[in-house]
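What's counted below: heavy atoms across the whole structure, side chains too, no hydrogens, waters or symmetry copies.
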Amino acid sequence: MERRTIGAGGLAVGAVGLGCMPMSWAYTASRRRGEESVRAVHRALDLGSDLLDTADMYGPFTNELLLGRVLRERRRDAFVATKVGLLVGEQHIVANGRPGYVRRACDASLRRLQTDVIDLYQLHRPDPEVPVEETWGAMADLVRAGKVRALGLCALGARGGRRSGAGLYDATLRRLQRIQQVFPVSAVQAELSVWSPEALQALLPWCEARGVGFLAAMPLGNGFLTGTLTPGEGFEPDDVRARHPRFTAEMMAANQPIVVGLRRIARRHGEGVTPAQVALAWVLAQGRHVIALPGTKRARWAAENAGAAGLRLTARDLAEVARLPAAQGSWD
């Protein structure tokens, strides 16, 4: 698989990674199978999708424990990225960026992952009660202690203003400027997909100008861009899409032209090429520092996603994607 670099340190990873969240969090619990998820991780590693993206809050904790089972055998094959900064309660999630907590959380993640170093430690969400420089400084201390190799920032919560797209990541860019003065940012994780391209306006250019890796989260639009979801089939109550405005039957039907367009491009590239692979190839075409992080819990889909790294979209393909209708329905 094509290799791409993250940060000034030149850390190399496969162009398509593996988002591990669906194995333990956010999607229908009744469809989770631990052994099947373990097979998916092994398959991804076999194919060069070595960036494994997790977080201590997924589960909570169970996602890191699951990955630890694989890393115990294959640590050298993997690039481990996890996150800190969010605590999961009974019915709520709160941010905690206190330096003492960051240090304890890192040690706990290392134990669960069964490793002595985390390749990329990401701040999941800043704590509004703690200056971000203090949190980032504590994370930098972990690098100096040899527990972490590089630091990243997640911008997944920056969805205010989704309808206009104007200034969507202004607050994130200001935060990046602040923490960059404390310790280098190696990667930024934010949503980027055919139906959510807002990061292209300012956030991705900021990363490209500084050699910062861009980890494209949700590149398949929470599964919509795969073309495998049927409008109106519904989701179980514990699935985040059950409460998502873009996943109502009406909005899924209204946004089908996007999937039709991806499928049309896929057919031009030959039998076996899928809309999901076209969607991922589009993400990878947005810049040489972009790494796609499609999430899955099945080996079959991990293999299909990895195959997208070898798909090269033509100028005609890219122009056709640009002409697809914008997604209908609010995001939040």
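- Of the options Leu262, Ile265, Leu313, a side-chain contact (heavy atoms from CB on, under 4.5 Å) to Glu320 is made by Ile265 and by none of the others.
- A donor-acceptor contact under 3.5 angstrom links the side chains of Asn222 and Tyr27, judged on distance only.
- Distance alone, capped at 3.5 Å, places no donor-acceptor pair between the Gln177 side chain and the Leu173 backbone.
- One finds a salt bridge joining Lys147 and Asp107 here, because a Lys/Arg side-chain nitrogen approaches an Asp/Glu carboxylate oxygen to under 4.0 Å.
- Donor-acceptor pairing under 3.5 Å is lacking for the side chains of Thr54 and Glu64.
- Under a 3.5 Å cut-off, the side chain of Arg4 and the backbone N or O of Leu284 do form a donor-acceptor pair.
- Pairing each heavy atom of Ala55 with each of Thr82, the nearest pair is CA-OG1, 3.3 Å.
- In this structure, Ser109 and Ile118 approach most closely via the heavy-atom pair CB-CD1, 4.2 Å.
- Counting only residues at least two apart or on different chains, no side-chain hydrogen bond (donor to acceptor under 3.5 Å, both in side chains) pair has a member in residues 282-294.
- In the model, Gln122 has a side-chain atom that pairs as donor or acceptor with a side-chain atom of Gln189 under 3.5 Å.
- In this structure Asp238 satisfies the salt bridge (charged side-chain N to carboxylate O under 4.0 Å, His left out) test with no other residue, sequence neighbours excluded.
- Checked for salt-bridge contact, Arg144 and Asp141 meet the test: a charged N lies under 4.0 Å from a carboxylate O.
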* To do: For Glu236 and Arg241, run salt bridge (Lys or Arg N to Asp or Glu O under 4.0 Å): C-alpha distance rounded to whole Å, both residues' side-chain angles, the deciding distance at 0.1 Å, then the answer.
  => CA-CA 9 Å; Glu236 293 185 25; Arg241 292 170 295 187; over 6 Å; no
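- A donor-acceptor pair is defined here as one N or O able to donate and one able to accept, closer than 3.5 Å; no such pair exists between the side chain of Tyr121 and the backbone of Met139.
- In this structure, the side chains of Arg76 and Asp50 stay at 4.5 Å or more apart for every pair of heavy atoms.
- Between the side chain of Ser49 and the backbone N or O of Val16, at least one donor-acceptor pair lies under 3.5 Å.
- Below 30°, between 30° and 60°, or above 60°: for His124 and Tyr58 the angle between ring planes is above 60°, a perpendicular geometry.
- With sequence neighbours excluded, no residue satisfies salt bridge (charged side-chain N to carboxylate O under 4.0 Å, His left out) with Glu134.
- With sequence neighbours excluded, no residue forms a side chain to side chain donor-acceptor pair (under 3.5 Å) with Gln114.
- Of the possible polar contacts, one joining the Arg210 side chain to the Trp206 backbone as a donor-acceptor pair under 3.5 Å is found.
- Minimum interatomic distance between Asn63 and Ser24 (heavy atoms only, all atoms of both residues): ND2-OG, 2.9 Å.
- Ala40 approaches Ala299 most closely through the heavy-atom pair CB-N, 3.6 Å.
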* I would like to know whether His269 and Asp317 meet side-chain hydrogen bond (donor to acceptor under 3.5 Å, both in side chains); could you show each step before the answer? => CA-CA 10 Å; His269 284 270; Asp317 296 332; 2.6 Å; yes
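- A distance of 4.5 Å separates CZ in Phe79 from CG in Asp119, rounded to the nearest 0.5 Å.
- Qualifying salt bridge (charged side-chain N to carboxylate O under 4.0 Å, His left out) partners for Arg39, counting only residues two or more places apart in sequence or in other chains: none.
- Take Arg298 and apply the salt bridge (charged side-chain N to carboxylate O under 4.0 Å, His left out) test, not counting sequence neighbours, and it matches Glu36.
- A cation-pi arrangement is absent between Arg175 and Trp136, since the terminal nitrogen or guanidinium carbon is not both under 6.0 Å from the aromatic centre and inside a 45° cone about the axis.
- The backbone N or O of Arg33 lies less than 3.5 Å from a partner atom in the side chain of Ser37, making a donor-acceptor pair.
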